[in-house]
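Structure, as structure tokens:
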2 protein chains.
Amino acid sequence: MKETADLDTVLGKAVTILRAFRSEDRVVSLAELVRRTGLHKATVHRLSGDLVANRLLDRADGGYRLSGGLFELGMLASLERSLLEVAMPFLQDLYERTHETVHLGVREGHDVVYVAKIGGHRQAKAPSRTGGRMPLHCTAIGKALLAYADADLRREVLTGPLERRTPHTVVAPGILRRQLQHVTETGVAFEQEESAVGLVCVAAPVLGGGDEPLAAISVAGPRHRFRPEGHVTAVRATAAALGSTLSRRDLLR
Amino acid sequence: MKETADLDTVLGKAVTILRAFRSEDRVVSLAELVRRTGLHKATVHRLSGDLVANRLLDRADGGYRLSGGLFELGMLASLERSLLEVAMPFLQDLYERTHETVHLGVREGHDVVYVAKIGGHRQAKAPSRTGGRMPLHCTAIGKALLAYADADLRREVLTGPLERRTPHTVVAPGILRRQLQHVTETGVAFEQEESAVGLVCVAAPVLGGGDEPLAAISVAGPRHRFRPEGHVTAVRATAAALGSTLSRRDLLR
DNA sequence: CGCAGCGTATCGCTGAACGAGACGAAGTGC
DNA sequence: GCACTTCGTCTCGTTCAGCGATACGCTGCG
């Protein structure tokens with residue numbers, strides 16, 4: 001699972017610079033980019049200038065920041081977009097029924113990528129972000145995806161290292177395997193503070209008839225007042241409705 | 001208003017290729033990319049390969065398609081993101097009150113860029129897309145932004161060419177100017193099928209105390225059943241609440 | 001003052017990127 | 001079947017864009 005792009009090509013370096021930005025920082029200085037990327041100072045300087053010229057980066061006070069042009073480009077990505085457009089009404093309904101934080105995620109490698117996150121004023125402070133990633137094994141969405149995924153993938157994840165995110169993260173392959181089996185039996189997956197302390201979650205896979213689930217939907221809330229069991233029906237119904245809508249269209253990847 | 005990026009640099013060419021994708025197409029063939037970009041066939045071929053290696057593009061059956069990696073990158077763009085995160089709950093509330101299509105947009109040049117679009121099963125088929133653009137003069141959001149914008153910008157737009165999108169698009173500067181004045185008097189802007197036939201819309205600016213509005217919010221619906229006047233209060237209240245929340249934090253650009 | 005860290009600018013060297021062109025495969029019309 | 005087009009892929013010699021070492025001016029700090 002190599003993270004780094006090809007640094008021998010201009011394009012690889014440019015992408016490396018872009019990916020050096022993290023969600024938490026507003027602006028990043030040139031020096032910081034040099035540190036994070038390991039590229040030569042002059043190179044970062046020059047490429048950043050090019051990136052600004054191409055509207056992928058903006059100059060800001062203390063350095064650079066990802067530009068709105070990048071946002072526009074990202075929203076053109078077709079798979080995520082068509083999935084999102086079809087799913088949005090269903091997610092809205094689910095939100096109205098629960099008034100809790102609703103997620104839509106797809107699998108990419110051993111991670112879940114969140115395609116949408118909607119919530120009201122009362123939403124739980126979850127580490128998830130639209131466009132963000134989380135390991136499969138420590139989120140409800142991830143477990144829902146994994147339970148219905150290809151057996152090879154499941155084995156890969158179970159035998160690979162299971163990163164501990166909180167004291168409650170399940171890092172024992174045996175326990176996780178049993179949980180996944182339970183998911184296929186009940187159709188829903190749970191998470192009990194496994195990705196973030198205080199956060200509990202229930203998810204259901206969006207099945208489209210193909211080998212792998214198309215996505216998964218979850219409802220999350222703070223542990224002290226949120227009972228995931230109470231939303232099993234809603235989540236499962238929403239996921240099923242979305243799944244049949246999607247497979248009626250030919251959005252099967 | 002030059003559209004084309006710098007074609008003398010690898011980066012410019014790469015971005016040109018990425019921007020050659022439109023929202024409507026799922027996959028684009030190499031030949032089509034060559035046609036749209038005007039680049040040499042070998043160049044597009046080579047660069048596309050590099051873009052795939054850097055996870056900005058995916059190979060698909062008939063050619064290429066924008067990759068999920070680009071989506072992830074785009075969602076990192078900070079201004080849009082922080083605005084979006086704060087605004088989401090307000091948009092949710094507005095949706096629940098109206099159950100019509102809700103938009104959030106910011107100004108970029110002479111266009112509005114939609115940062116969010118939420119709607120249920122009954123939503124009007126609007127040409128807007130999250131991450132998409134529309135001219136300022138023919139949308140409710142655009143008029144709301146324009147009416148409260150800098151006088152120079154307003155003059156620029158009014159004296160520049162006003163593209164006709166539908167038979168109802170206001171292309172007479174005089175009429176548009178009067179409409180904008182009315183917007184500042186009432187605090188809301190309307191659109192009557194000016195960007196798409198059958199679509200009507202009401203919008204309010206999100207003011208943060210600075211010179212320019214931070215964004216604008218709109219509610220849209222199909223003309224035959226949707227009365228924008230009925231949602232004036234809701235839109236205005238939502239925009240005001242969002243504005244004061246935003247200015248309480250230091251998200252002023 | 002001296003030093004450190006920053007952004008920016010200069011400048012030869014070199015290999016990455018260039019585009020013309022060749023090639024085979026697949027489709028189309030006759 | 002054949003001629004012709006269109007497509008994706010690959011090769012190859014040329015060259016200029018990108019490279020990084022280095023230098024410079026600025027700012028803040030002890």
Side-chain angles (χ1 to χ4, degrees), chain A residues 2 4-22 24-67 69-70 73 78-79 253, chain B residues 2 4-22 24-67 69-70 73 78-79 253:
Chain A
K2 282 299 287 298
T4 42
D6 184 7
L7 291 189
D8 284 353
T9 162
V10 208
L11 233 119
K13 288 177 209 175
V15 172
T16 303
I17 292 177
L18 292 179
R19 291 204 213 279
F21 286 80
R22 312 198 206 295
E24 59 269 21
D25 34 46
R26 309 185 54 86
V27 299
V28 181
S29 69
L30 184 84
E32 180 61 22
L33 286 175
V34 170
R35 244 172 275 122
R36 293 187 189 176
T37 57
L39 295 170
H40 193 279
K41 199 203 326 189
T43 306
V44 177
H45 182 251
R46 184 165 15 88
L47 282 184
S48 298
D50 288 353
L51 287 168
V52 169
N54 285 292
R55 304 194 36 251
L56 299 186
L57 233 50
D58 280 340
R59 313 196 77 104
D61 273 355
Y64 301 93
R65 124 189 113 192
L66 297 178
S67 139
L70 194 59
L73 217 40
S78 66
L79 173 62
R253 287 241 167 199
Chain B
K2 282 298 287 300
T4 42
D6 184 6
L7 292 187
D8 283 354
T9 161
V10 207
L11 233 120
K13 287 176 209 177
V15 172
T16 302
I17 291 177
L18 291 179
R19 291 206 214 276
F21 286 79
R22 312 199 205 295
E24 60 268 19
D25 34 44
R26 309 184 55 86
V27 301
V28 181
S29 69
L30 183 88
E32 179 61 20
L33 285 175
V34 170
R35 244 172 275 121
R36 292 188 190 176
T37 58
L39 296 170
H40 193 278
K41 200 206 317 193
T43 305
V44 177
H45 182 250
R46 183 165 14 88
L47 282 184
S48 298
D50 287 353
L51 287 168
V52 169
N54 285 293
R55 304 194 37 251
L56 299 186
L57 235 49
D58 279 340
R59 314 197 75 105
D61 273 356
Y64 301 92
R65 124 188 114 192
L66 297 177
S67 138
L70 193 59
L73 216 40
S78 66
L79 172 62
R253 289 241 162 194

Taking atom [atom1] of [X] and atom [atom2] of [Y], what is their separation to the nearest 0.5 Å?
X: B:Leu73; Y: A:Leu56; atom1: CG; atom2: CG; answer: 8.5 Å
X: B:Arg46; Y: B:Leu51; atom1: CZ; atom2: CG; answer: 11.5 Å
X: B:Ile17; Y: B:Leu66; atom1: CD1; atom2: CG; answer: 11.0 Å
X: A:Arg59; Y: A:Leu30; atom1: CZ; atom2: CG; answer: 9.0 Å

Side chain to side chain contact (heavy atoms under 4.5 Å, CB included) evaluation trace for A:Tyr64 with A:Val28: CA-CA 5 Å; A:Tyr64 301 93; A:Val28 181; 5.8 Å; no
Interface with DNA chain D, restricted to residues 31-41 of chain A and to heavy atoms under 4.0 Å: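 Those residues whose heavy atoms fall under 4.0 Å from DNA chain D, taken from residues 31-41 of chain A in numerical order, are A:His40.
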Heavy-atom pair of closest approach, residues A:Ser48 and A:Val44: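 Shortest heavy-atom contact: OG-O, 2.6 Å.
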Nearest atoms (heavy-atom pairs only) where A:Arg19 meets B:Gly69: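 Closest pair (atom of A:Arg19, atom of B:Gly69, distance): NH1-O, 4.1 Å.
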Check: A:Leu57 and A:Arg65 side chains under 4.5 Å, non-hydrogen atoms: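 No, too far: nothing below the 4.5 Å cut-off.
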Side chains of A:Val27 and A:Asp61 in contact at under 4.5 Å (non-hydrogen atoms):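 Result no, sub-4.5 Å side-chain heavy-atom pair not found.
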Span of DNA chain C, from the first to the last nucleotide whose atoms fall under 4.0 Å of chain A heavy atoms: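 In short, chain A contacts DNA chain C from C:dC6 to C:dA17.
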Along DNA chain D, first and last positions that approach a heavy atom of chain A under 4.0 Å: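 Range of nucleotides touched by chain A: D:dG18 to D:dA21.
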Full working for side chain to side chain contact (heavy atoms under 4.5 Å, CB included) between A:Asp58 and A:Val52: CA-CA 6 Å; A:Asp58 280 340; A:Val52 169; 5.7 Å; no
Difference in axis direction between the ends of the helix from C:dC1-D:dG30 to C:dC30-D:dG1, five pairs, 10°: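 One end axis against the other gives 40°.
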Donor-acceptor under 3.5 Å (B:Ser67 side chain, B:Arg55 main chain):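 Flag set: sc B:Ser67 to bb B:Arg55 pair under 3.5 Å.
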Nearest-nucleotide comparison on DNA chain C, the residue closer to the 5′ end among A:His45 and B:Leu47: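 Result: A:His45.
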N/O donor-acceptor pairs under 3.5 Å from side chains in residues 34-41 of chain B, not counting sequence neighbours:
| from | atom 1 | to | atom 2 | distance (Å) |
| --- | --- | --- | --- | --- |
| B:Arg35 | NH1 | B:Glu32 | OE1 | 2.2 |
| B:Arg36 | NE | B:Glu32 | OE2 | 2.8 |
| B:Arg36 | NH1 | B:Ala20 | O | 2.7 |
| B:Arg36 | NH1 | B:Asp25 | OD2 | 3.1 |
| B:Arg36 | NH2 | B:Asp25 | OD2 | 2.9 |
| B:Thr37 | OG1 | B:Leu33 | O | 2.7 |
| B:Thr37 | OG1 | B:Leu39 | N | 3.2 |
| B:His40 | ND1 | B:Ala42 | N | 3.0 |

